[in-house]
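Remarks on the structure that follows.
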Amino acid sequence: MMDQGRTSLRGGATRGRFPGVSPGVLEADLLRALDRREIEVLFQPQFSCITGAVVGAEALARWRHPTLGAIGARDLFAVAERAALVAPLSRHVVARALEDAATWPDNLTLSLNITPEELGEERFAADFAALIGQSEIAPQRLMLEITEDLLLRNLPQTASALKALRGLGFRTALDDFGAGFCNFRYLRELPLDALKLDKAMVEGVPADATALAVLRAIVALAKALGLAVYAEGIEDEIQRAAITAEGCDYWQGFLRAQPMPSESVVALARTARGMGHG
């Protein structure tokens with residue numbers, strides 16, 4: 001989960017709250033926004049560390065509120081949680097992302113964030129597979145991302161759902177690794193294909209020797225487990241060169257692309273820079 005594209009300036013206790021706006025009004029606004037399809041989806045491009053080519057993108061929800069302006073995913077889902085609208089909001093975001101990504105070239109993948117509420121449902125895997133079956137995207141082109149806070153709620157249920165989804169061809173990733181407790185038990189017990197390193201894991205690299213040593217150890221562990229490694233929050237060429245030298249496979253960040261509309265992802269992928277040249 002890319003914090004550049006989604007993190008609020010407010011802390012966890014005030015997430016989804018805005019000065020001068022009552023929670024009840026905001027929740028009612030969200031319900032209307034879902035009915036009117038006012039929740040948009042932007043995409044954060046992901047690049048190959050080796051070739052520099054665009055390999056896919058992560059779907060990020062945005063709410064263009066008529067008076068508050070752009071509201072990012074963390075605040076948006078906090079509002080939805082208070083309004084008991086997480087499930088319909090998530091389905092809306094996934095459906096819109098699939099609709100957009102259906103126009104992409106087959107070599108581009110789509111990453112989708114899965115909420116705790118969804119994975120807590122016994123029928124989630126079957127319902128999600130049915131939803132994907134209605135789209136034109138093959139399961140192999142989808143990466144389902146889960147975060148550590150989700151796992152703290154129900155690890156056995158999460159492991160079961162991910163196993164079922166991987167059996168259907170979907171890929172899975174542990175997102176925001178390094179932002180929380182870095183519980184290595186998850187790497188051992190969950191059926192994963194990739195590890196996404198939080199921005200905190202690359203801050204100070206390569207100048208900070210300790211940060212570099214930690215990054216090197218985590219990448220080595222991921223490789224030993226057969227996991228692809230994504231680095232999030234890459235903001236300059238020095239960081240990009242460092243994570244490439246240390247064995248990361250993919251990266252995303254403001255260095256080359258901010259979250260953008262679907263058509264811009266396709267356009268970027270077709271440019272020389274998006275194909276890894278220049």
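- Look at K199 and E235 and you find a salt bridge, because one of the NZ, NE, NH1 or NH2 atoms lies within 4.0 Å of a carboxylate O, short of that distance.
- The distance from atom OG1 of T172 to atom CD1 of I114, rounded to the nearest 0.5 Å, is 10.5 Å.
- Using a 4.0 Å cut-off between charged side-chain N and carboxylate O, R91 and E118 make no salt bridge.
- T244 contributes a side-chain N or O that, together with a main-chain N or O of R240, makes up a donor-acceptor pair within less than 3.5 Å.
- Between F177 and Y186, the distance separating the two ring centers is not shorter than 6.0 angstrom.
- Here CG of L142 is found 11.5 Å from CG of L168. Values are rounded to the nearest 0.5 Å.
- Salt bridge R96/E40: absent, no basic N to carboxylate O contact under 4.0 Å.
- Ion pairing between K196 and E145 holds under the 4.0 Å rule for side-chain N and carboxylate O.
- To the nearest 0.5 Å, the span separating CD1 on I243 from CG on L197 amounts to 8.5 Å.
- In summary, D176 and R74 engage in a salt bridge, as defined by a charged side-chain N under 4.0 Å from a carboxylate O.
- Using a 4.0 Å cut-off between charged side-chain N and carboxylate O, D29 and R32 make a salt bridge.
- Separation of atoms CG (L227) and CG (L174) is listed at 9.0 Å; rounding is to 0.5 Å.
- Between the OH atom of Y230 and the OG atom of S111 there is a distance of 5.5 Å, given to the nearest 0.5 Å.
- Checked against the 6.0 Å centroid criterion, the rings of W63 and F77 do not qualify as a close aromatic pair.
- The pair R62-D75 fails the salt-bridge criterion, with no side-chain N (NZ, NE, NH1 or NH2) lying under 4.0 Å from an Asp/Glu carboxylate O.
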